[in-house]
Structure formats: C-alpha cells, structure tokens
Amino acid sequence: MSSLAGELSRIAGAAFVAEGLAEELGRVAASDRPDLAQFQCNGALAAAKAAKANPRAIAEKIAARLKAEPIFSKVEIAGPGFLNLDLTDAALDARAATLMDDKTLGAPGTGAGKTLVLDFGGPNIAKPMAVHHLRSTIIGDCLQRLYRANGWNVVSDVHLGDWGLQMGQLITEIESMGTAPIYFDPNVVGPYPEESPVSMEDLETIYPRASAACKADPARLEAARRATVDLQAGRPGYRALWRHFVKVTEVGLTREFGALGVKFDLWNGESSVDSLIPSMLEDLKARGLTEVSEGAVVVPVAQGDDKKPMPPLILVKSEGGVLYGTTDLATVIERVRDYDPDLILYVVDHRQHGHFEQVFRAAEKANLRGRAHLEHVGYGTMNGPDGKPFKTRAGGAMKLFDLIEMGKAEAEKRLAEQGIGADYSIEERAEIARKVGIATIKFADLSNHRTTDYIFDLERFSKFEGKTGPYLQYAAVRIQSMLRKAREQGAEIGAPAIHSAEERRLILQLLSLGDLMASAEEKRAPNMLCEYAFELAQNFSRFYNEHHVLSEADPALKAARLGLCALVLAVLTRVLDLLGIEVPERM
RNA sequence: GCACCCGUAGCUCAGCUGGAUAGAGUGUCGCCCUCCGAAGGCGAAGGUCAUAGGUUCGAAUCCUAUCGGGUGCGCCA
C-alpha cells in the first residue's frame with residue numbers, strides 16, 4: 001500500500017513491533033474527529049485488551065517512538081489511549097506534489113497480476129431492459145471501472161438470458177401465430193430466411209402474451225417446455241428462429257448500453273456454454289456427484305450445518321431441459337478454462353442469493369472453480385414513491401430506455417430553468433442534457449448502498465443542489481472554467497502548497513483517494529465513491545469561498561492555488577469517471 | 001413454518017471487521033455576493049440509532065428475544 005495512511009501504518013506498525021506487539025496494531029486511519037487530529041491509531045486499546053494491560057501505558061510507549069519521526073507535527077494521546085496524529089505541512093505538500101505527477105492519482109494497485117471476471121447486465125432476449133437491469137448495469141460498470149483502475153485485469157460479460165424456458169415460450173407463441181411456418185416444418189432443415197420474421201417491437205408484445213398463455217394453460221406451458229428441450233437439443237428450425245431473436249434483441253440492447261456508456265468485453269450468454277454441458281454432466285455423473293431425484297438430475301448441495309433447507313441444484317429437468325443453474329455452473333468451467341480468474345463477481349438482484357449459493361456450492365463440491373473466489377454481489381430493488389417496485393403510470397414495468405429519456409428530459413427542463421446554455425448550439429445543449437441526465441440517474445443509484453432498496457425520485461435526483469450527480473458535474477465545470485481563465489491570463493500552475501486550513505483539508509482528502517478506492521473495491525461499494533466525490537466538492541467550495549485564486553497578487557501563492565484547483569479537478573473527474581459520469585466542457 | 005436482509009433527524013439515506021461529542025442531503029430558521037459561475041459558504045434547531053435484555057473499560061455496530069417491513073425457500077430467470 002503506497003497511500004499516506006499506509007505509510008503511516010507502516011511507521012506505527014514498526015513502533016508496535018519495537019515494543020514487542022503485533023504490527024497490525026499500528027493501523028492508522030483518517031481521524032473520526034478531524035477537529036482533534038488528522039489521523040488516529042487505536043492499536044494501543046486493542047493491544048491492552050489482549051494483554052490485559054493499561055492502554056495509556058502502551059500508548060505512551062508508542063507515542064514516544066512516533067515523536068521521533070519527522071513526518072509528524074503532533075503526536076498526542078487522548079481519552080483511554082487513542083493516538084492522535086498530525087503531519088507537517090511540508091510532508092503533505094511533498095506528497096501532494098507527487099500525487100500531481102501520478103497519472104493514477106494514487107490508485108492502490110490492489111489488482112496487480114489478478115484477473116476478475118465480472119458478470120453483470122444480464123438482459124433477457126426478447127424483453128426490453130427493465131429498470132432492475134439498470135442497477136446491475138450501473139453497479140457492474142462502476143465496479144468494472146474501479147477494478148481496472150486498481151490494476152485488475154477485468155473481463156466483463158453481459159451474460160444474456162438466452163437459453164431458458166422463455167425461449168420455448170416465444171417459439172410456441174410464434175408457432176401458434178402461424179406467421180412463420182417454415183421454422184416449424186419438420187421436413188425443412190434449412191436454409192432459413194436471413195430476415196427475422198419478428199422485430200424487437202413484435203417480441204415485446206409476443207413475450208408477455210406467451211408468458212400469460214403459459215400461466216393460464218398447463219398444456220401451453222408443457223408445449224413451451226418441450227420446445228425449450230428441442231431448441232437446446234439443436235432442432236434446426238428452432239435454432240434459426242432463436243438466432244433471429246438474439247440478433248434483433250441485441251440491436252436494442254446495444255442502443256441502451258450505449259446510451260449509458262457501458263461496454264462489455266464479452267457478449268456471452270447462457271447459450272454460450274451449450275457445448276460444454278454434455279461433458280460437464282457426464283463428468284459429474286462419473287464422479288458420483290449427481291443423483292436422479294423426481295426425474296431430474298441434481299447435485300445435492302445441502303450441508304450438515306445448514307440452518308435452512310437447501311434444495312439441490314437441478315441440472316436437468318425431468319423432461320430433459322437445462323436451467324440457468326446448469327448454464328451458470330458450466331460458465332464457471334468456461335471462465336476458469338479461459339481466464340483462470342482470481343475472482344468472479346455476479347452483479348445480480350439480491351433475491352437470487354439462494355440460487356448463487358447453490359451454484360457456488362456445486363462448483364466447490366465438484367472442484368470446478370480453479371483458484372477463483374465466487375461471490376454474488378447482490379443489490380436491492382429500485383422502488384417508486386410508494387415504496388413498491390418502480391412502475392410506469394399505467395402500472396407496467398418501466399423500461400430502461402424510457403427512464404433514460406425521462407432523465408434527459410428532466411435535465412433539459414432544469415437547464416432551461418437555470419438559463420444554462422441559452423447561447424449554446426442546439427447540439428451542445430442536447431449533449432449537456434444527455435450527460436446531466438445520465439449523471440442524475442447513475443449518481444442517484446450508486447450513492448445508495450447497493451444492498452438496500454431505494455426510492456427513485458427523479459425530481460430530487462435531478463436537482464442541482466445537494467448530493468446529486470448534476471451538482472458534482474457543476475462543481476467540476478466551475479473549476480474547468482476557472483482554469484480556462486487562468487490559461488487565458490497565461491498564469492502559471494504550480495504544485496499545491498498549504499497556507500490555510502481549507503487547503504490542508506483539501507490536500508488531506510486528495511491524498512486519501514487510493515485508500516478510498518481500495519476500500520470501495522474490497523466492499524464492492526460504489527456509494528463510497530459517491531460520498532468521496534461529494535465531500536471533495538464540498539471541501540473545494542469551502543476553499544473557493546475563502547480564497548480568491550485568479551485575483552491573487554502573489555504569483556507563487558496563485559500558482560500553488562491553481563495547482564490545487566487542477567489537482568482537485570483531476571481527482572473529481574477521475575472519481576466521476578469511475579462512477580461512469582461524464583463532465584461536460586461547460587454547462 | 002424455516003432462513004436471510006432491513007428498522008438511524010420531519011423526509012431520503014450514510015455510518016455497522018466495537019472506540020472519543022451518531023453524520024450528510026433535503027426541509028425549517030438566521031447570517032454572507034462592488035471580487036474567479038450564490039447551482040455556493042457559515043450558523044441554529046432537529047435523534048432514548050424499533051423495543052427489551054446481554055457481552056465489554058467502551059455497543060448504532062457483536063449476541064438473544066420481541067415488534068414492524070422486505071425477500072427467498074426443487075424442476076422460471
């Protein structure tokens with residue numbers, strides 16, 4: 001760890017070791033009480049507890065050693081044995097200057113040499129993306145950006161839902177429509193038409209109808225199950241039709257992911273592992289890991305110490321079809337084979353926790369996961385103002401695309417209210433509205449802790465005041481504007497130097513970015529990035545309110561302040577980028 | 001029924017590998033623009049951290065029970 005807190009932890013750790021205590025006790029973190037100190041170390045309390053000794057006595061010994069270190073301007077013992085630490089301004093200035101030259105802005109490098117497979121998005125074929133995909137997409141994309149910034153080799157996979165019962169439902173519905181008989185004629189094995197018999201718009205109406213029909217009529221459901229088995233078994237007409245579904249859907253998905261600025265390395269899906277499934281089943285059976293239960297092939301995953309019933313993972317249904325548990329397990333094999341990852345994260349709705357527990361247990365039991373740690377990164381639901389899952393006014397599921405349009409429209413409204421860009425071109429105004437609208441939605445989503453449900457309130461999220469995406473964009477734009485003016489003046493931009501409490505506070509926060517990125521990674525917690533960005537903007541506003549930069553007469557002081565502004569802008573822009581939020585040139 | 005998650009300021013939410021006076025946004029009420037974008041800054045008010053016990057020098061954080069809300073529990077994803 002090359003961060004400032006890491007450096008201090010090493011110094012304090014050495015002091016603990018010199019006293020015959022554990023190095024980990026020297027962990028130094030930003031102080032909970034900034035009014036008392038910049039940093040704190042609580043190791044003496046923990047040490048005293050373990051040794052049943054007097055915490056203050058231990059703290060005294062550690063403090064005596066720390067006082068010999070030139071980096072500290074203050075070493076104090078407070079309360080029962082807290083060590084309060086301040087650094088000299090010279091030490092902070094030196095590190096700020098280093099940070100300015102560091103393209104990574106202090107990124108922790110936690111992922112050096114490590115590979116992450118990140119499974120998120122998970123849209124379904126023939127269905128438009130609904131808002132619950134929004135969370136997976138936005139959270140997953142943020143993690144993708146964060147892990148990359150931290151040095152991980154990241155392989156992201158959209159993992160389409162393209163192989164399950166819905167496919168059979170669509171196929172049977174289209175068969176009953178009678179509009180594309182060639183795909184159902186058993187005497188035809190191809191070639192089939194290049195042109196899809198259905199458009200995305202068609203599918204959007206066909207799927208709900210098919211789904212409802214299967215719900216209402218057991219015979220229809222049975223037919224859909226059979227069609228699914230036939231599709232998975234390779235029936236040519238079904239495969240051809242299915243390929244049209246996939247192709248047509250991907251066009252729409254590309255549009256929506258593009259609008260959100262989200263990219264995937266792999267456009268794989270459940271179907272991608274189709275060819276791996278027979279050998280996997282054979283292997284598991286040969287090793288005695290499967291059994292037949294009620295006509296289905298399953299892997300028992302219950303353990304003796306389970307506190308709840310743990311059903312087996314079903315690999316093959318009684319009528320012969322496979323489920324997403326089957327494809328998920330095969331996908332583990334594929335990912336281990338192709339990437340040998342250290343970590344596989346699944347960014348999926350927390351309601352599927354039980355499913356992943358089954359899959360992970362099966363992967364463990366069958367020794368399929370290589371060295372990868374498998375983890376379900378769950379998230380809560382996005383709710384409407386009534387606290388129930390977000391719906392349209394008509395009561396249907398809200399589509400992601402419509403939500404994005406709403407965000408953009410709201411941004412346009414707000415921008416017009418503020419009289420922003422009245423003299424800009426229509427194109428630039430639209431571009432600003434796009435960036436602001438996306439920022440509104442993303443920041444609102446990411447700033448909530450991912451595991452809890454949250455209430456989507458566009459009115460509140462789109463405000464330019466308070467903890468919102470647009471506010472942060474504005475803060476960045478304002479600094480850009482100032483630096484532009486400085487350039488026009490030909491002013492010099494130097495290294496930051498502390499001359500005031502506001503500057504000190506700002507520099508301390510800038511120097512903590514690396515630790516923040518490491519914590520956010522460890523907890524898979526985008527909301528920590530949001531919190532940091534907002535605090536940075538606030539700290540900057542305080543500084544900005546107290547110190548005039550462009551009119552500063554002392555050239556050295558002016559250069560240092562401009563340098564600080566430039567560094568704040570760089571860090572703020574970086575954090576927003578990690579959140580997937582773009583900053584307009586002006587607004 | 002069993003299991004998991006959650007109950008923190010009027011509202012929306014952080015904080016939860018135990019640590020000092022529980023934070024932020026919003027809303028309410030005061031101040032602060034002849035100056036870099038006030039979309040801002042400063043300050044005040046607002047809390048028995050659901051309730052009751054327990055562990056601990058120390059609990060919003062860990063344990064137990066209760067109440068309230070959400071979710072899941074074999075051939076959907």
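Quick note on labels: first sequence line is chain A, next is B, and so on, each numbered from 1.
Neither side chain, A/N545 nor A/R542, offers a donor N or O lying under 3.5 Å from an acceptor on the other.
Between A/K467 and B/U26, a side-chain N or O to OP1/OP2 separation shorter than 4.0 Å is absent.
Rounded to whole Å, atom P of B/G19 lies 8 Å from atom CG of A/N42. Rounded to an integer number of Å, the gap from A/D423 CG to B/G37 P is 15 Å. Atom C1' of nucleotide B/G70 and atom CE of A/M382 are separated by 17 Å, given to the nearest angstrom. B/C33 atom C1' lies 13 Å from atom CZ of A/R478, rounded to whole Å. Whole-Å rounding puts the A/L83 CG to B/A20 C1' distance at 13 Å. When the C1' atom of B/G43 is taken as reference, atom CZ of A/R542 falls 12 Å away, rounded to whole Å. Computed from coordinates, the A/I77 CD1 to B/G19 C1' distance equals 16 Å when rounded to whole Å. To the nearest angstrom, P of B/A22 lies 12 Å from CG of A/D32.
B/A44 and B/U8 are spaced 25 Å apart, taking the P atom of each and rounding to whole Å. If you take atom C1' in B/A45 and the same atom in B/C63, they sit 37 Å apart, rounded to whole Å. The separation of B/A22 from B/C49, taken at their C1' atoms, amounts to 7 Å, rounded to a whole angstrom. Taking atom C1' on both nucleotides, B/U17 is separated from B/G30 by 43 Å, rounded to a whole Å. For the P atom pair drawn from B/U66 and B/G23, the interatomic distance equals 33 Å after rounding to whole Å. Taking the P atom of each, B/A14 and B/C32 are spaced 36 Å apart, rounded to whole Å. For the C1' atoms, the distance from B/G7 to B/U48 is 15 Å, rounded to whole Å.
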*Heavy atoms under 4.0 Å is the rule here; annotate nucleotides 71-77 of chain B 5' to 3' with B where the base is hit, S where only the sugar-phosphate is, and - elsewhere.*
SS-BBSB
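Geometric assessment of A/R478 against the ring of A/Y544 yields a positive cation-pi assignment under the 6.0 Å and 45° thresholds.
Stacking here means ring centres nearer than 5.5 Å and ring planes tilted less than 30 degrees, and by that measure A/F82 stacks onto B/A20. Between A/H449 and B/C13, no base-stacking contact is recorded for ring centres under 5.5 Å apart and planes less than 30° from parallel. Ring stacking holds between A/Y544 and B/C36, with the centres under 5.5 Å apart and the planes within 30 degrees of each other.
Centroid-to-centroid, the aromatic rings of A/F461 and A/F443 stay 6.0 Å apart or farther. Between A/F543 and A/F540, the ring centre distance stays below 6.0 Å. Ring-centre distance between A/Y346 and A/F360: below the 6.0 Å cut-off. For A/Y471 and A/F534, the ring centers are positioned less than 6.0 Å apart.
Backbone-only contact: A/T452 has heavy atoms under 4.0 Å from sugar-phosphate atoms and none from a base. Looking at heavy-atom distances under 4.0 Å, A/D35 makes contact with a base. Within the 4.0 angstrom heavy-atom criterion, no nucleotide atom of any strand lies near A/H132. Residue-level contact check: A/M167 touches neither bases nor backbone, having no heavy atom under 4.0 Å from any strand.
Contact of the A/V477 side chain with the A/V583 side chain is registered, since non-hydrogen atoms from C-beta on lie closer than 4.5 Å.
One N or O on the side chain of A/Q480 and one on the backbone of A/P584 form a donor-acceptor pair closer than 3.5 Å.
Applying the 6.0 Å contact sphere to CD of A/E222 captures more than 12 heavy atoms from other residues, nucleotides or ligands. For A/E492, the CD atom counts as loosely surrounded, since its 6.0 Å shell holds 12 or fewer non-hydrogen atoms of other residues, nucleotides or ligands.
The base of B/A20 sits with one of its N or O atoms less than 3.5 Å from a complementary donor or acceptor on the side chain of A/N84. Scanning atom types as modelled, no donor and acceptor separated by under 3.5 angstrom connect the side chain of A/E531 and the base of B/A24.
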*Using Watson-Crick and G-U wobble pairs whose two distances are both under 3.5 Å, how do you write the pairing of RNA chain B as dot-bracket, with | for links to another strand?*
(((((((..((((.....[...)))).(((((.......))))).....(((((..]....))))))))))))....
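Mapping A/A46 and A/T381 onto RNA chain B by nearest heavy atom places A/A46 at the nucleotide closer to the 5' end. Heavy-atom distances to RNA chain B give each of A/K49 and A/S541 a nearest nucleotide, and the one nearer the 5′ end belongs to A/S541.
Syn is the conformation of B/C33, whose glycosidic angle sits no further than 90° from 0.
Shown are A/E552, A/H548, A/Q489; of these, the side chain to side chain donor-acceptor pair (under 3.5 Å) with A/K558 is made only by A/Q489.
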